[in-house]
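Chain A is the first sequence line, chain B the second, and so forth, proteins listed ahead of strands; every chain is numbered from 1. Being a predicted model, the structure only gives us computed values, none of them experimental. Computation of the quantities below employed the complete heavy-atom set of this structure, encompassing side-chain atoms and omitting hydrogens, waters and symmetry-equivalent molecules.
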Number of protein chains: 4
Amino acid sequence: MTLENASPRRKELVGIAARLFVETGFDRTTVRMLAQAMGIKSGSLFHHFRDKQEILCAVIEEGTQRALAIARRELAEADPRPRARLHAMARAHLETLLSDRNAHVAALYEWRRLDAASRERLVPLRDAYERLWEQVIDEAIAAGIVTGDAFLVRRFVLGALNWTVRWYNPSDTVGEGGRTSEDLARALVAMITRE
Amino acid sequence: MTLENASPRRKELVGIAARLFVETGFDRTTVRMLAQAMGIKSGSLFHHFRDKQEILCAVIEEGTQRALAIARRELAEADPRPRARLHAMARAHLETLLSDRNAHVAALYEWRRLDAASRERLVPLRDAYERLWEQVIDEAIAAGIVTGDAFLVRRFVLGALNWTVRWYNPSDTVGEGGRTSEDLARALVAMITRE
Amino acid sequence: MTLENASPRRKELVGIAARLFVETGFDRTTVRMLAQAMGIKSGSLFHHFRDKQEILCAVIEEGTQRALAIARRELAEADPRPRARLHAMARAHLETLLSDRNAHVAALYEWRRLDAASRERLVPLRDAYERLWEQVIDEAIAAGIVTGDAFLVRRFVLGALNWTVRWYNPSDTVGEGGRTSEDLARALVAMITRE
Amino acid sequence: MTLENASPRRKELVGIAARLFVETGFDRTTVRMLAQAMGIKSGSLFHHFRDKQEILCAVIEEGTQRALAIARRELAEADPRPRARLHAMARAHLETLLSDRNAHVAALYEWRRLDAASRERLVPLRDAYERLWEQVIDEAIAAGIVTGDAFLVRRFVLGALNWTVRWYNPSDTVGEGGRTSEDLARALVAMITRE
DNA sequence: CATGAATGAGAATTCATTCAT
DNA sequence: AATGAATGAATTCTCATTCAT
């Protein structure tokens with residue numbers, strides 16, 4: 001599941017690329033911009049990555065991997081009751097999405113830019129993450145605190161969460177009415193659960 | 001509210017551009033692709049639009065305008081009870097988003113590509129549309145069928161709906177488990193309302 | 001010597017073109033700019049002129065013709081003594097050059113943009129004008145008020161005069177230290193004559 | 001006084017660009033023509049210069065700098081008497097203008113094509129050159145060998161000299177009646193001085 | 001005469017990528 | 001590893017010109 005090269009230097013470069021991809025979009029981020037942000041010249045970039053695609057692929061892998069790791073950790077630490085587990089997942093998702101505007105955002109918003117080969121490689125990883133959500137939502141429905149079609153609920157919930165990056169700026173707590181990402185997680189869970 | 005140039009020819013071109021922008025993304029849609037899809041040569045495009053930006057601007061305006069018109073019509077025809085009005089808005093939103101994968105999708109997903117001037121021009125239009133949602137959600141909260149922070153509910157609901165274009169293909173009813181966009185609207189309303 | 005078409009409408013258009021060619025340069029003046037300044041659409045321009053070259057040709061012809069006419073008039077009216085005739089020529093030259101920043105400037109500064117055919121057509125006209133200068137300078141040398149190689153004197157004098165359009169703005173009498181174009185003519189004659 | 005980038009490669013390219021700008025004019029010299037003359041592909045040009053403007057700016061800077069350097073050298077070596085100094089300046093000016101049809105011609109004839117920023121940067125350099133002329137002409141007037149308004153004399157003299165590039169071809173000594181540029185300098189000085 | 005739409009050749013510029021040093 | 005120079009294909013956009021209406 002891990003890629004050919006996971007040196008710390010490379011990890012650092014991937015983080016920088018992730019930020020640029022989120023700020024500017026993959027298409028509009030030039031190799032020269034990436035290199036400059038990394039403190040090297042554009043020619044040197046190709047010693048670390050075969051091509052621009054590979055950078056995107058690495059970013060998306062990193063983003064999904066982190067999302068998966070954090071979700072697992074939060075679930076492991078969470079109260080085993082369904083509502084708490086739902087909350088843990090929402091919190092984890094928002095954390096990877098908003099806390100450092102990191103690779104997870106790129107994973108979601110630049111997925112379409114992956115070429116076929118990369119996509120194929122990354123689908124299992126993404127599915128592993130989604131399966132976590134599937135479980136938690138199934139449990140919530142089984143417990144009667146959420147009603148409806150599990151598939152649709154999952155899609156709607158992820159949509160609601162993913163869309164936050166379009167309107168929520170975690171560093172601007174005043175502009176956001178003082179809402180923290182924790183508030184967001186709680187509000188979302190409240191919105192879809194009853195009793 | 002309509003802009004500089006509204007010839008029927010232009011409208012037709014805007015429709016074609018909308019489709020390409022949704023299929024391929026604004027950045028990856030070249031002027032030549034647009035021209036070819038329109039049946040003209042790339043130079044001729046600039047007879048109708050000053051630059052590529054202006055095409056995007058026209059597409060987004062058209063998309064938001066249509067969304068606004070359809071939402072108003074649905075609200076006017078809907079049962080005046082809060083849940084019905086919520087449902088009408090969701091149905092209207094999904095219709096403009098999914099029925100012909102039209103300009104409304106571009107309006108949502110390519111908004112960031114607008115330059116400052118266009119953005120400024122279009123913000124009021126977008127706000128008018130969002131105000132419709134505001135009203136309907138306020139009514140639902142007042143009626144006690146939805147609970148929570150009206151602002152967050154609106155953002156979550158719009159996120160859930162907007163994200164549908166990423167996973168729902170209305171022309172593939174089998175792959176989508178036979179779900180129609182009407183089903184989606186109903187499910188969303190069910191998910192967030194109680195009693 | 002006159003061109004196929006000398007309608008007053010055409011003359012007017014030529015005048016407008018002359019102004020634009022001087023302000024912006026022939027290469028940078030687009031057919032659309034010309035048309036707009038003329039109050040018509042670019043397509044219509046080609047009812048009046050075969051192509052852009054023909055406009056330039058007409059402008060240069062007009063400019064040289066006017067310069068020639070005015071020079072002849074001034075010489076006819078001038079005191080027959082050599083210095084007075086020299087002065088009359090300088091005054092005439094500066095008048096066509098500066099008084100209405102007209103076609104004569106274009107004739108001098110855009111001559112290189114003429115195609116071979118136009119150039120051939122206009123060379124005799126330009127030579128007729130230069131011959132006037134030749135006479136006047138020959139007379140001045142014969143009279144001993146100017147010394148030197150007649151050919152070089154003529155080139156130097158014309159250079160000095162033609163270059164005025166690069167630094168002298170006749171409508172800004174303050175910025176120009178209150179110098180009129182009449183002052184310029186006098187100063188030039190004074191500079192090259194003795195006794 | 002020198003600018004951002006003065007690599008020898010760049011200097012060489014600037015020289016080639018100067019020649020093309022003089023032969024063809026800035027507007028009609030395409031980037032492809034420049035690249036071909038430089039033996040590279042058009043894309044590579046932008047490795048050395050940000051845009052076409054910057055090439056022009058570099059050419060004009062180079063041209064004025066050389067003119068300034070040569071004028072200073074000639075003045076330093078010249079007999080200190082006013083006529084000799086005038087002659088030295090004329091000779092220097094014609095040398096930079098005619099000897100290799102170099103950047104100084106472009107500096108004079110394409111100045112208008114500079115954008116505002118470049119112009120601002122180059123004005124002091126140009127002024128430094130003109131101040132040399134100012135001094136020499138002031139001295140000549142003070143010595144009584146030239147009469148008139150120093151400002152106008154300077155403008156006329158520079159006009160006469162600058163215009164030579166329009167009619168004088170130094171490599172065609174037959175067509176030019178065997179006149180060398182040294183002859184031109186002498187004739188000009190003779191024309192404007194007395195006794 | 002005038003127009004609006006269209007054209008096609010070419011303009012400057014961008015950019016991922018290569019490669020000798 | 002890193003770099004600077006170069007590439008070539010593609011991109012947006014310009015513009016003189018044509019032509020049906």
Original post:
Below 4.0 angstrom, N of the basic side chain to O of the carboxylate: do A:R10 and A:E54 qualify?
Top reply: yes
Original post:
Do D:R112 and C:E23 meet the salt-bridge criterion of a basic N to acidic O distance under 4.0 Å?
Top reply: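 Between D:R112 and C:E23 there is no salt bridge, as every charged N stays at least 4.0 Å from the carboxylate O atoms.
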Between [N] ([atom2]) and [X] ([atom1]): distance, integer Å:
X: B:I40; N: E:dA5; atom1: CD1; atom2: C1'; value: 9 Å
X: B:L34; N: F:dC13; atom1: CG; atom2: P; value: 11 Å
X: A:R113; N: E:dA16; atom1: CZ; atom2: P; value: 14 Å
X: D:Q53; N: E:dT13; atom1: CD; atom2: P; value: 9 Å
X: A:F46; N: F:dA2; atom1: CZ; atom2: C1'; value: 14 Å
X: D:K52; N: E:dT13; atom1: NZ; atom2: P; value: 8 Å
X: B:D115; N: F:dT12; atom1: CG; atom2: C1'; value: 15 Å
X: B:H48; N: E:dA6; atom1: NE2; atom2: C1'; value: 8 Å

From the list [options], which nucleotide is the closest neighbour of the side chain of [X]?
X: B:R32; options: F:dT18, E:dT13, F:dT11; value: F:dT11
X: C:T30; options: F:dT3, E:dC15, F:dC15; value: F:dC15
X: C:H47; options: F:dA16, E:dA2, F:dT12; value: E:dA2
X: C:R9; options: E:dA2, F:dT12, F:dT17; value: E:dA2

Original post:
Are any of A:K41's side-chain N or O atoms less than 4.0 Å away from OP1 or OP2 of F:dG4?
Top reply: yes
**OP:** Check whether any side-chain nitrogen or oxygen of C:S44 sits under 4.0 Å from OP1 or OP2 of E:dC1, and answer yes or no.
**Re:**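 It does not, given that no N or O in the side chain of C:S44 lies less than 4.0 Å from OP1 or OP2 of E:dC1.
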Subject >> Test item: D:K52 side-chain N/O and D:F26 main-chain N/O as donor-acceptor pair under 3.5 Å >> reply: yes
Subject >> N/O donor-acceptor pair under 3.5 Å between D:R119 side chain and D:L114 backbone >> reply: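 Checking the backbone N and O of D:L114 against the side chain of D:R119, a donor-acceptor pair under 3.5 Å is found.
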Original post:
Between B:G43 and D:G43, who's closer to the 5' end of DNA chain E by nearest nucleotide?
Top reply: B:G43
Original post:
Does B:V31 or C:D27 map to a spot on DNA chain F nearer the 5' end, using the closest nucleotide for each?
Top reply: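 The residue mapped nearer the 5' terminus is B:V31.
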Subject >> Contact nearer the 5' end of DNA chain F, comparing B:T29 with D:G39 >> reply: D:G39
Subject >> Residue matched to E:dA20 through Watson-Crick or wobble contacts both under 3.5 angstrom >> reply: F:dT3
Subject >> Side-chain heavy atoms of D:L56 within contact of D:S118, under 4.5 Å >> reply: no
